[in-house]
Structure formats: structure tokens, C-alpha cells
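The first residue in the sequence is number 1, and the count goes up from there.
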Amino acid sequence: MQHPKPQHLMLPGPTPLPPSVLQAMASPMLNHRGEVWQELYKEVAAGVHWLCQTEHETVMLAGSGTTGMEAALCNLFSPGEKVLAICQGSFSERFAQMAEVFGLNVTRLSYAWGEAARPEDLSRLLDESGPFKALLLVHNETSTGVLNPLESLAAIARQHGLLTIVDAISSLTTTPLPVDAWGLDVVITASQKGYLAPPGLSMLSLSPAAWAACEQGTLPRYTLDLLLARDYARRAMTPWTPPMPVFQALKAGFELMRHEGLLQIQARHYQLMRAVRAGLQALGMKLLVADERIASRAVTPVYPPAGVDAEDIRKVMHNNYHITLGAGQRKLSGQIFRIGHLGYQDVPTVLGVLGCLEMTLEQLGYPVQPGTATAAAQEALRLS
Ligand SMILES: Cc1ncc(COP(=O)(O)O)c(C=O)c1O
């Protein structure tokens, strides 16, 4: 058999997986109504509580991040209820669209792609319009690499009596997410992002107020019934047969993450973000998000240099160096590319990717002094 070349997945999920996680996925199947399974479930649930810094009850649903978003909507609401959705990229737009599909009355607070939400805009809108039942927002808008000021936005929503429903799918682990301290009512995450695990599971935490809303919501739900999932979670089970290899992977991932420590994981993502941004800027490339204070710690979107095609960069990086970069999404399709630095990533990988990017640009006819990006990245690392 031919030895496969190492692949470098520089996406904002799915992420590369550590060897111990890959091995764990090959574990034998279990009886999902038995005690061994319940122990596994409890360990994974404890890990989710630890990462999200929450005492709220959590549930885990088979499916992807979008499954969790759908579950939040179809459990908490009744048709016609008013929600406010912050829209600033493809995932936040998805959340708003989904709410409309479920018959909710959606008001959008929209921003240009690449901008973060401004707390003062939210305050003004809530003072002028409303009342709304809930605020829907994405913590880290993965399509544009924007990190929203979640703590301030959630505080304003709470003052105005709204439930805060957060898609934290690509922010978890990269940046602080103290769910209880920030008063977040529903927080949605997914296994393939910051969890060091493969796709297949969406995890949600719900505050007591959010659970009360589930009791009242009249939208139809069946496999995504959160109250049913909570009943089973209390017995360390899921209502339906769970994706066992994902749970086994999560258990192994949590062992590594607990060993590294929550603050250290966040600090590593911050450093990688700074290194990537510095390297790209040194190459004369324009970042989609110029202000580092609102820049994602999971992914960095960037415009190619003038005269170079974003898709050509992705192709050469993939074909010559086996590095997979993210593409621009929807209205940014073909205009940018995105470097993911989320999950099982480190300084050597990021420096290697920047070095290969230098060579790629050279091959595409854009002159680069070798070492330009890596030197700038090293300098950023020294300073952070
Ligand atoms: C912020 C955000 N929300 C939602 C999703 C959708 O998640 P999934 O593809 O797991 O359904 C993603 C995936 O990239 C995301 O980054």
C-alpha cells in the first residue's frame, strides 16, 4: 500500500486529530443502555461543562452544529414569536433564515461582512423596537473571521429581558466562553471544532430560563426534542443510538485538553492568530478583519495579493504541499481564502504553512523575499 502523504488540514473545522483521539475512535462498540456507556457519557458531559464553564444542564445531539441551531429554535419558540438576529456573515445569516423557516418573526441587525456587532447598536435597537423574546447571534463568525463582543451583547440582551442564544460552534476553546458568568441562555457547540474530535455531535447548554422556554414552545420537534434529551442526559444516555466513536474521541480529547489547561489552550490560539496575521500582513496581503481586537482566534480570512487568484493559491498549496485552506463563502467566494488555526494546531505547523505560502506566491508570479512571512510571525510570537 502506498504511504499516504501527511495532510495539513488548516480549516476552521473539521480539524486535525491527535493520535490518541484517532485510536480511541477504533474502540469496540458498547451497549448504549449499559453502565460502561453511562460512565463514558458522564466523562464527556463533565468535559463539556468544564470547557463551557457552566453548571447549566447540557445535552448532546447526534448531528452537526446546524442540528444544534435547529434544536434551539424548534424547542424554545412558538410560531410568530419575535427574535432579533445579528447578521454579519454566512453562519449568522443561516441562523436568521432558519428562524424564518420555523415561522418566527425575525428582525435583523445587519453588518457588513467583516464587521463585528456594536453593543451601542443593539442597545439602540432594543430601546426603539421590540419587545423580542430572544437574541440570536454567532460568537465567532467563521465565514468572515469576526469575533463578536459577546459578553457586552449578552449583558444588553439580558437587561432588555431577551434570552441570548449563541452559536459558539467555532469559538469554543479559542477564546473565553464562561457561559454562566456571561448569562448565556443557550450555547451551541459542535464536536469537530474546538473539541479535538470528529464531526457528529452537537452539544448545547441551556439556562433554567431556556429550559422553561422549551416547556412553552409549541413548534414541532421529535428527534431534536431537548426536554426528552435532558431526561435521558440525567441518566447519562441519549434518547436515540449515539455516535459512539465521537464520544470515545471526545473522552480522549478531553484528557489532552485538561492536561494542557483551559487558559493555555486559549493563549495558544491567541498566539497562532497573531502569528498568522503578522505573516500575511508582512506579505502585503489585506486581512478581511483589520482590527485585531475583533479578529477570530480560529480562522484568518485574507485577500490574495493584487493579480493573484485566491483559488489558485488554495490549489497550489493543496497540490504541492498538501495544505488545505478554507475558501471564501457565499459573497466572499473566490475573493478570499481562510487559514484555520483551530484545535490541534501549533507554532511549527503555522510557521510551515506561512513558509509554503511564500513559495506558492512565488510560483504564482508574486515576488516574495523568502522568510518574509515567517520572520514577521516569529516576531509576533516573541511579543505575545
Ligand atoms: C459559526 C458556525 N456556525 C455553524 C456552523 C455549521 O456547523 P456544521 O457544519 O457542523 O453544521 C459552522 C461550521 O463551520 C460555524 O463555523
- request: Please round to the nearest 0.5 Å and tell me the distance separating atom CG of D127 and atom CG of L122.
  value: 9.5 Å
query: Under 3.5 Å, is there a donor-acceptor pair between the side chain of S92 and the main chain of C87?
result: no
message: Once ring pair (Phe, Tyr, Trp, His ring centres under 6.0 Å) is applied, what residue pairs with a partner in residues 54-108 remain, sequence neighbours excluded?
response: none
message: Can you list everything that forms a side chain to side chain donor-acceptor pair (under 3.5 Å) with N320? Sequence neighbours excluded, please.
response: Q363
- prompt: Strictly by modelled atom types, are Y195 and T173 linked by a side-chain donor-acceptor pair under 3.5 Å?
  reply: no
- prompt: Is a side-chain N or O of N148 found less than 3.5 angstrom from the main chain of A116, in a donor-acceptor match?
  reply: no
message: Once rounded to the nearest 0.5 Å, what's the spacing between atom CZ of R221 and atom CG of L227?
response: 6.5 Å
- request: Name all residues meeting the side chain to side chain contact (heavy atoms under 4.5 Å, CB included) criterion together with E43; count only those two or more places apart in sequence or in a different chain, and write none if there are none.
  value: K251
message: With a 3.5 Å distance limit and no angle check, can you tell me whether T67 reaches the backbone of S64 through a side-chain donor-acceptor pair?
response: yes
- prompt: Of the non-hydrogen atoms in T372 and A282, which two are nearest, and what is the gap between them?
  reply: CG2-O, 3.4 Å
- prompt: Does anything in residues 293-305 pair up under side chain to side chain donor-acceptor pair (under 3.5 Å), and if so which pairs, sequence neighbours excluded?
  reply: N140-S296, D291-R293, T300-H341
query: Please, which pairs that meet salt bridge (charged side-chain N to carboxylate O under 4.0 Å, His left out) have at least one residue in residues 94-107, sequence neighbours excluded?
result: E100-R108
Heavy-atom donor-acceptor pair, R274 side chain to E292 backbone, under 3.5 Å: no
message: Going by side chain to side chain donor-acceptor pair (under 3.5 Å), name the pairs with one or both residues in residues 196-215, residues two or more places apart or in two chains.
response: D185-S207
field: Those residues that, when tested against T241, pass side chain to side chain donor-acceptor pair (under 3.5 Å) (two or more places apart)
entry: none
task: Provide the full list of side chain to side chain donor-acceptor pair (under 3.5 Å) pairs with a residue in residues 69-80, sequence neighbours left out, each pair given once.
output: S78-T218
message: I'd like to know if the side chain of S143 reaches the main chain of Q329, judged simply by a donor and an acceptor atom lying under 3.5 Å from each other, with no hydrogens or angles considered.
response: no
message: If we count only N and O atoms by modelled type, under 3.5 Å, do the side chains of T175 and Q266 hold a donor and an acceptor together?
response: no
query: What's the shortest heavy-atom distance between A229 and P239, and which atoms?
result: CA-CG, 3.8 Å
message: Just to verify, what does R124 make a side chain to side chain contact (heavy atoms under 4.5 Å, CB included) with, not counting sequence neighbours?
response: E120, D121, E128
E260 CD: over 12 foreign heavy atoms closer than 6.0 Å: yes
message: Test your reading of the model: is there a side-chain donor-acceptor pair from R268 to the backbone of G343, 3.5 Å cut-off?
response: yes
message: If only side-chain N and O atoms count, and only distance matters, is there a donor-acceptor pair under 3.5 Å linking T174 with H269?
response: no
message: If the threshold is 4.0 Å, N to carboxylate O, is there a salt bridge linking E93 and R330?
response: no
Any residue meeting ring-ring contact (aromatic ring centres under 6.0 Å, His included) with Y41, in chain and number order, not counting sequence neighbours: F247
task: Please confirm whether the backbone N or O of T144 pairs with a side-chain atom of W113, one donor and one acceptor, at under 3.5 Å?
output: no
- prompt: For the residue pair K42 and A236, what are the closest heavy atoms and their distance?
  reply: CG-CB, 3.9 Å
message: I need the minimum non-hydrogen distance between T58 and A233, along with the two atoms involved.
response: O-CB, 3.8 Å
query: Can you list every salt bridge (charged side-chain N to carboxylate O under 4.0 Å, His left out) pair that touches residues 344-370, not counting sequence neighbours?
result: none
task: State the CG-CZ distance between L287 and R277, to the nearest 0.5 angstrom.
output: 5.0 Å
query: Counting only N and O atoms by type, is there a donor-acceptor contact under 3.5 Å from the side chain of Q264 to the main-chain atoms of M257?
result: no
message: The criterion is ring-ring contact (aromatic ring centres under 6.0 Å, His included); which residues satisfy it with W50, sequence neighbours excluded?
response: none
